[in-house]
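Encoded as structure tokens, the structure appears first; notes follow it.
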Number of protein chains: 2
Amino acid sequence: MRSSKKKILNDFKEYLKRENLKFTPQREEILNEILKTKGHFEVEDIVYSLKNKKKNVSRATVYRTLAILKDLGIVNEVIKYKNKTIYELGLTKHHDHLICVNCGKIIEFFNSKLEKLQDKICKDYSFHPMSHRLEIYGLCKDCYDNQNKIS
Amino acid sequence: MRSSKKKILNDFKEYLKRENLKFTPQREEILNEILKTKGHFEVEDIVYSLKNKKKNVSRATVYRTLAILKDLGIVNEVIKYKNKTIYELGLTKHHDHLICVNCGKIIEFFNSKLEKLQDKICKDYSFHPMSHRLEIYGLCKDCYDNQNKIS
DNA sequence: ATGGTTGCAAAATGTTTGCAATGGC
DNA sequence: GCCATTGCAAACATTTTGCAACCAT
């Protein structure tokens, strides 16, 4: 495993200590829940899972903890979709998304040329990039084939 | 002018007729306001401008009209930033965005190499692209300089 | 006159915040 | 014991919606 749960937990604890924050059961539960989630998630997912497990963690605490985890880089905001924020575990290698507008499938990809080209563009505009998000919308192979079969 | 205001207005009227919708003074005022805006805008900008001109158009109507204009392709949602939607006139040539996380400034750019590279990537994944959105977050020159001045 | 449209206010949604009680360290 | 943290509810911000009056066609 690239980054073990143990290591992440330690990073989290160290970060909290460094920032003079406290390691609480709630924060631990939230982190655990996020680590269990392999893909994308939103606040409500975490609240719901914890409630199901009879762990009492308030929605406010989830929001507050996510803010910390975001600062730490353990989670990233992926996108605001339908007025709500979607997060992902930020430990995986950076990647972009191909999103099928028909079936909703999300294909992840990474292309270093693309990354370099973006850096060059930023330089041209004297812009100092911190992160980026590329979403390409269209039809995945299956949906494209199906569509052409029918018509 | 690539697409005159007159033509857009006509497109709008035709679309409304086709969809069995009505051309109302409010819809005309909203469209005019949007056409006057050269760059990005949000709902509040439109509401505020119209109020200043003593044109009585409710916020609800602005939202409802924007939904129509979005379907028609006259406006596009650019991003959801800080939980609010930012729009732009959708008639301009395709471009991507550099977004300053400090001052919120949005810089537009277009790079044909980038477009071609994306097409290639899609081909590699047998994905048939229809549109895309690239947002690069970071610091604009001014904010970057200011930040480094202080510390 | 018919049926879409409007403004309003209320509701819905997602997120943030003030505060008293709690609990890490 | 200090001070960050928590849960709660209230506050906020944006967007959506129900409804009665209205108006474009």
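Labels below follow one simple rule: chain letters A, B, ... track the order of the sequence lines, proteins then strands, and each chain is numbered from 1. Predicted, not measured: the structure shown is a model, and the values here were computed from it.
- Considering only heavy atoms from C-beta on, A:D145 comes within 4.5 Å of A:K141 through its side chain.
- One finds no salt bridge joining A:K123 and A:D119 here, because no Lys/Arg side-chain nitrogen approaches an Asp/Glu carboxylate oxygen to under 4.0 Å.
- A salt bridge links A:E135 to A:R133: at least one charged side-chain nitrogen sits closer than 4.0 Å to a carboxylate oxygen.
- A salt bridge does not link A:E44 with A:K84: none of the charged nitrogens is closer than 4.0 Å to a carboxylate oxygen.
- Between B:L89 and the options B:I74, B:T37, B:N76, B:L69, a side-chain contact (heavy atoms from CB on, under 4.5 Å) holds for only B:I74.
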* **Under 4.0 Å protein heavy-atom contact, by nucleotide of nucleotides 8-20 of chain D - B base, S sugar-phosphate only** => B-----SBBBB--
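- Here the shortest heavy-atom pairing between A:C100 and A:C140 reads SG-N, 3.5 Å.
- Candidate nucleotides D:dG7, C:dC25, C:dT6 were compared by shortest atom distance to the side chain of B:R27, and C:dT6 ranks first.
- Applying the 6.0 Å contact sphere to CZ of B:F110 captures more than 12 heavy atoms from other residues, nucleotides or ligands.
- With rounding to whole Å, B:E29 atom CD is found 11 Å from C:dG7 atom P.
- Distances shown here put a side-chain N or O of B:T24 below 4.0 Å from the OP1 or OP2 atom of C:dT6.
- Donor-acceptor pairing under 3.5 Å is recorded for the side chains of B:E88 and B:H95.
- Clustering of Ile, Leu, Val, Met, Phe, Trp and Tyr by side-chain heavy atoms under 4.5 Å joins B:F127 with A:L98, A:I107, A:F109, A:L114, A:L117, A:I121, A:Y125, A:F127, A:L134, A:I136, B:L98, B:I107, B:F109, B:L114, B:L117, B:I121, B:Y125, B:L134, B:I136.
- Phosphate contact (OP1/OP2 of D:dC23, side-chain N/O of B:Q26, threshold under 4.0 Å): absent.
- Of all the heavy atoms in A:T85 and A:E42, the pair that sits closest is O-CB, 3.6 Å.
- Across residues 13-21 of chain A, not one residue has a non-hydrogen atom less than 4.0 Å from an atom of DNA chain C.
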Hey, can you pull the donor-acceptor pairs under 3.5 Å for the side chains in residues 27-35 of chain A, sequence neighbours left out?
residue: A:R27; atom: NH1; partner: A:K22; partner atom: O; Å: 2.8
residue: A:E29; atom: OE2; partner: A:K55; partner atom: NZ; Å: 3.3
residue: A:E33; atom: OE1; partner: A:K53; partner atom: NZ; Å: 3.0
residue: A:E33; atom: OE2; partner: A:K53; partner atom: NZ; Å: 3.2

Taking N or O atoms only and anything under 3.5 Å, show me the protein contacts with nucleotides 20-23 of chain C, one pair per line.
residue: C:dG23; atom: N2; partner: A:K22; partner atom: NZ; Å: 3.3

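- Between A:H128 and B:Y144, the two ring planes are parallel [angle under 30°; tilted spans 30° to 60°].
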* Asked: Would A:H132 and B:H97 satisfy ring-ring contact (aromatic ring centres under 6.0 Å, His included), going step by step from the backbone distance to the final call?
  -> CA-CA 10 Å; A:H132 74 262; B:H97 298 105; over 10 Å; no
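- An angle of 30°, rounded to 10°, separates the two end axes of the helix from C:dA1-D:dT25 to C:dC25-D:dG1, each defined over five pairs.
- Between the CD1 atom of A:I68 and the P atom of C:dG24 there is a distance of 15 Å, rounded to whole Å.
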